Amino acid sequence: MNLLLLATKAPWPPIDGGRLLLLHTLEALAGAGARLTLVAPVEPARFDLAEVAAALAPWCEPRLVPAGPAPVPAALLRSALTNAPLSIARHTLPAVRREAAHLLATRRFDAVHVEQLQALAQAEPARRHGVPIILRAQNVESDLWREVARRSGGIRGRALGWEARRLACREGEGTRRAVVTLALSTEDATRLRELGGAGAEGRIQVVRAPFPAVAGTLASPLPGDPAVVVLGSRGWLPNEDSHAWLLQEIWPAVRSALPEATLHLYGAGLDPGMSPAGVTAHSSPEDSAQAFATGSVLLVPLRIASGVRMKILEAWARGV
């Protein structure tokens with residue numbers, strides 16, 4: 001099978017659950033004999049395109065586009081002009097769409113796999129060429145935005161609630177446009193069927209996140225008694241909520257009970273001028289195994305359920 005995969009970000013380095021999910025998917029599909037071509041944007045200010053391409057080459061032909069999400073002001077303008085939800089406006093990247101259109105016009109593909117609703121706009125050329133579209137929904141994002149809106153309240157809450165309603169409409173449309181939508185859980189599949197209505201009946205399936213066998217924890221323990229590890233990137237509303245909750249409420253309570261505990265915060269970082277007691281900030285690990293040290297405890301602070309929770313699967317697999 002010859003597959004074209006379209007994504008909102010390259011799966012290397014696997015510094016968050018979404019990237020890790022896509023990387024494991026590439027590995028699994030390639031291992032099953034599929035021929036894979038991946039089109040994804042890479043932010044050149046953050047990552048080296050040649051290094052990312054070399055890392056992905058064992059599993060796919062990477063067609064990486066030097067681009068990143070649109071700045072918020074530009075995305076807001078595009079959202080206002082097109083009535084697209086803000087998160088979709090940010091990831092509607094003409095350069096990625098042109099690369100996908102070129103490949104679809106010059107090669108034969110059996111299907112186009114779209115990773116997340118935000119990448120669906122880049123798959124529009126597939127419809128013109130009669131190539132079926134498979135959509136994988138890592139979340140039901142409208143539900144996440146609605147929960148953030150509920151917690152925010154006021155003008156911000158109303159704006160986020162409006163965004164949640166627009167996303168719900170797009171999610172319903174997406175399930176009706178794709179020949180099949182892959183959900184990661186039974187709960188997500190049920191919700192997507194509600195959003196898609198009769199037009200999506202029978203076209204939504206649950207396919208669990210692929211997760212390979214992994215080695216154990218690292219030999220070297222991290223400082224702290226206990227060493228507590230948190231993995232999470234910033235810039236995503238549920239993560240921002242978790243980060244604030246962790247530092248303002250959870251960690252002070254932990255330190256009160258366990259004064260020798262040390263929090264190792266990977267990827268999320270600390271705001272300027274902030275230095276809570278017992279907190280060490282680390283950059284995102286190039287290999288997630290670096291964060292799973294012997295004797296450590298993984299903490300996953302969640303008030304708004306989101307994402308793939310690959311870090312929990314990996315912690316279990318590594319015996320943390």
Side-chain angles (χ1 to χ4, degrees), residues 1-12 14 16-42 52-53 55-65 67 87-88 91-93 95-141 170-171 173-185 188-189 192 196 200 202-212 307-308 310:
M1 177 173 282
N2 196 16
L3 295 176
L4 176 63
L5 294 94
L6 304 179
T8 61
K9 53 190 176 184
W12 189 270
D16 58 56
R19 294 177 197 265
L20 188 60
L21 171 64
L22 182 54
L23 182 64
H24 288 334
T25 301
L26 290 174
E27 294 172 347
L29 288 171
R35 298 184 303 277
L36 310 175
T37 304
L38 171 69
V39 178
V42 173
V52 175
L56 296 175
W59 305 290
C60 67
E61 177 189 347
R63 303 292 291 255
L64 305 177
V65 179
S87 63
I88 291 178
H91 291 281
T92 300
L93 304 176
V96 176
R97 179 168 173 154
R98 286 194 296 271
E99 181 64 23
H102 170 72
L103 289 168
L104 286 160
T106 56
R107 299 188 189 179
R108 177 189 163 277
F109 292 97
D110 296 298
V112 173
H113 172 106
V114 176
E115 191 73 8
Q116 301 193 80
L117 181 71
Q118 287 83 352
L120 193 57
Q122 275 67 265
E124 189 60 31
R127 292 162 61 86
R128 296 199 302 270
H129 292 279
V131 181
I133 295 172
I134 301 166
L135 171 64
R136 177 156 66 182
Q138 292 187 3
N139 309 289
V140 182
E141 296 214 3
R170 287 300 182 99
E171 285 172 324
E173 291 172 8
T175 61
R176 294 189 293 271
R177 286 172 56 189
V179 295
V180 63
T181 296
L182 307 178
L184 294 173
S185 69
D188 279 2
L192 289 169
R203 299 165 71 176
I204 299 171
Q205 298 181 16
V206 177
V207 177
R208 304 291 182 185
F211 201 89
V308 186
M310 297 293 282

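Count residues from 1 along the sequence. All values derive from a computational prediction rather than experimental measurement.
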Could you check whether any side-chain heavy atom of Pro11 comes within less than 4.5 Å of a side-chain heavy atom of Leu26, counting everything from C-beta outward?
yes
Is it the case that the side chain of Asp110 and the backbone of Asn2 share a donor-acceptor pair, with hydrogens and angles ignored and the cut-off at 3.5 Å?
yes
For Val131 against Phe109, the heavy-atom pair lying closest together:
CG1-O, 3.7 Å
Might you work through the side-chain contact (heavy atoms from CB on, under 4.5 Å) test for Gln138 and Gln118, ending with a clear yes or no?
CA-CA 11 Å; Gln138 292 187 3; Gln118 287 83 352; over 6 Å; no
If you measure from the Lys or Arg side-chain nitrogens to the Asp or Glu carboxylate oxygens, is any gap between Arg176 and Glu173 under 4.0 Å?
no
Leu6 versus Leu120: any side-chain heavy-atom pair under 4.5 Å?
no
Can you tell me how far the CE atom of Met1 sits from the NE2 atom of His113, to the nearest 0.5 Å?
12.5 Å
Taking atom types as modelled, is there a side-chain donor on Glu99 or Gln122 under 3.5 Å from an acceptor on the other?
no
Side-chain contact, heavy-atom cut-off 4.5 Å: Leu38 with Leu36?
no
Interatomic distance, Leu56 atom CG to Arg63 atom CZ [nearest 0.5 angstrom]:
14.0 Å
How long is the straight-line distance from CG of Leu3 back to OG1 of Thr25, given to the nearest 0.5 Å?
11.5 Å
Does some side-chain heavy atom of Arg170 sit less than 4.5 Å from a side-chain heavy atom of Glu141?
no
Which pair of heavy atoms, one from Ala100 and one from Leu4, lies closest together, and at what distance?
O-CD2, 4.5 Å
Let me confirm one number: the CD-NZ distance from Gln116 to Lys9, rounded to the nearest 0.5 Å.
6.0 Å
Got a second to check how far Arg107's CZ is from His102's NE2, nearest 0.5 Å?
7.5 Å
Shortest non-hydrogen separation from Leu184 to Ala209 and the atoms involved
CD2-N, 4.0 Å
Distance (rounded to the nearest 0.5 Å) between Glu115 CD and Leu22 CG:
4.5 Å
Is there a side-chain contact between Leu21 and Pro210 (heavy atoms, below 4.5 Å)?
yes
Using a 3.5 Å distance criterion without hydrogens, assess whether the side chain of Arg203 forms a donor-acceptor pair with backbone atoms of Ala178.
yes
Heavy atoms, side chains only, cut-off 4.5 Å: are Arg127 and Ile133 in contact?
yes
Heavy-atom closest contact (Pro41 atom, Ala7 atom, distance):
CD-O, 3.2 Å
Going through the distances and angles, do Arg208 and Ser185 end up as a side-chain contact (heavy atoms from CB on, under 4.5 Å)?
CA-CA 7 Å; Arg208 304 291 182 185; Ser185 69; 4.0 Å; yes
Over all heavy atoms of both residues, which pair between Leu117 and Gly174 is shortest? Give the atoms and the distance, please.
CD1-CA, 4.5 Å
Taking all atoms of both residues into account, what is the closest heavy-atom pair of Val179 and Pro132, and its distance?
CG1-CB, 3.7 Å
Side chains of Leu93 and Val65 in contact at under 4.5 Å (non-hydrogen atoms):
no
Answer yes or no: is there a side-chain heavy-atom contact under 4.5 Å between Val112 and Leu104?
yes
